[in-house]
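Below you'll find the structure, written out as structure tokens, and then a few comments.
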Amino acid sequence: QEGVAFGTSTGNGNRVCSNLIEGNLFRGLRLVTVSDNLVFSNHLRSNNIEGISLILGSASNTVEGNFLEGANQEGIGLASGAYGNILRSNIVNGQQYAGFIANQATNNLITMNWITGCPVGISNVGGAGQVYELNLLTNNATNFTSTVALAAASNWFGTRTWANMRVEVGVANAPWL
């Protein structure tokens, strides 16, 4: 049901590079309680839940240079204690819910991603210490939401106005102008 999945006994130090991962019943790629994996230059499309999911304490993984489109929920999800991961230079387009969601994840770096054509660009639910910087968010119904205070400096929200940036709790931000 998952396209590619790594768990606690098989999941550390792997490379998932240059694959087409599509049409899976659940997620395209799922990392569960694993560390030190590289997910690089993959094309994930039309997966039923998420394109890429890092959960249950997954730490120190790098998700970079991937193209994600058309998942029925999120493009990339961090949840349930995922921490210390780097999500960099991914293109996330046309997800049914959010391009990127962090739900009770902590201290992850989300940088230089392009998130476009989603109902919500980035959704941060609980957790703390996320760093959102240098991301490009365009053509999303809502670009950024958060239920906790966090810093989101130097992100570009696609326009010189704040019209589609909804903030549920204080987000200190300084968009590129």
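From a predicted model like this one, the values you see are computed outputs, not experimental measurements. For the numbers below, each heavy atom of this structure counts, side chains included, while hydrogens, waters and symmetry mates do not.
Leu78 and Val148 fall within a single hydrophobic cluster, where Ile, Leu, Val, Met, Phe, Trp and Tyr side chains are chained together by heavy-atom contacts under 4.5 Å. Val4 and Val39 fall within the same hydrophobic cluster, where Ile, Leu, Val, Met, Phe, Trp and Tyr residues are linked whenever their side-chain heavy atoms come under 4.5 Å apart, directly or through other members.
The distance from atom SG of Cys118 to atom CD1 of Ile101, rounded to the nearest 0.5 Å, is 11.5 Å. Put simply, CD1 on Ile49 and CD on Gln1 are 10.0 Å apart, with the number rounded to the nearest 0.5 Å. Rounding to the nearest 0.5 Å gives a distance of 9.0 Å between CD of Glu74 and CZ of Arg27. Atom OG1 of Thr147 and atom CG of Asn124 lie 6.5 Å apart (nearest 0.5 Å). One distance of note links CG of Leu56 with OG1 of Thr33; it measures 4.5 Å at 0.5 Å rounding.
Applying the side-chain hydrogen bond (donor to acceptor under 3.5 Å, both in side chains) definition to pairs two or more places apart or across chains, none involves residues 92-102. Residue pairs meeting the ring-ring contact (aromatic ring centres under 6.0 Å, His included) criterion with at least one member in residues 10-62, sequence neighbours excluded, are His43-Phe67.
Counting only distance, with no hydrogens or angles, the side chain of Asn42 and the backbone of Val16 share a donor-acceptor pair below 3.5 Å. A donor-acceptor contact shorter than 3.5 Å is absent between the side chain of Asn66 and the backbone of Leu44. In this structure, the side chain of Ser80 does not engage the main chain of Ile55 through any donor-acceptor pair within 3.5 Å. Counting only distance, with no hydrogens or angles, the side chain of Ser123 and the backbone of Ala98 share no donor-acceptor pair below 3.5 Å.
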Please determine whether side chain to side chain donor-acceptor pair (under 3.5 Å) holds for the pair Asn37 and Asn61, giving the CA-CA distance in whole Å, both sets of side-chain angles, and the decisive distance to 0.1 Å.
CA-CA 5 Å; Asn37 293 288; Asn61 297 289; 3.0 Å; yes
Could you go step by step and tell me if Val92 and Phe100 meet the side chain to side chain contact (heavy atoms under 4.5 Å, CB included) rule?
CA-CA 8 Å; Val92 182; Phe100 172 84; 6.0 Å; no
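Under the side chain to side chain donor-acceptor pair (under 3.5 Å) test applied with Gln130, the options Asn108, Asn107, Thr106 reduce to a single match, Asn108.
Side chain to side chain, Trp156 and Thr138 fail the donor-acceptor criterion of an N or O pair below 3.5 Å. Side-chain contact check for Ser35 and Ser60: no donor-acceptor pair (N or O, by modelled atom type) lies under 3.5 Å. Side-chain N/O atoms of Asn12 and Asp36 include no donor and acceptor closer than 3.5 Å.
Counting heavy atoms from C-beta outward, Asn85 and Val63 have side chains that stay 4.5 Å or more apart. Two residues are said to be in side-chain contact when any heavy atoms from C-beta on lie closer than 4.5 Å; Thr111 and Val131 fail this criterion.
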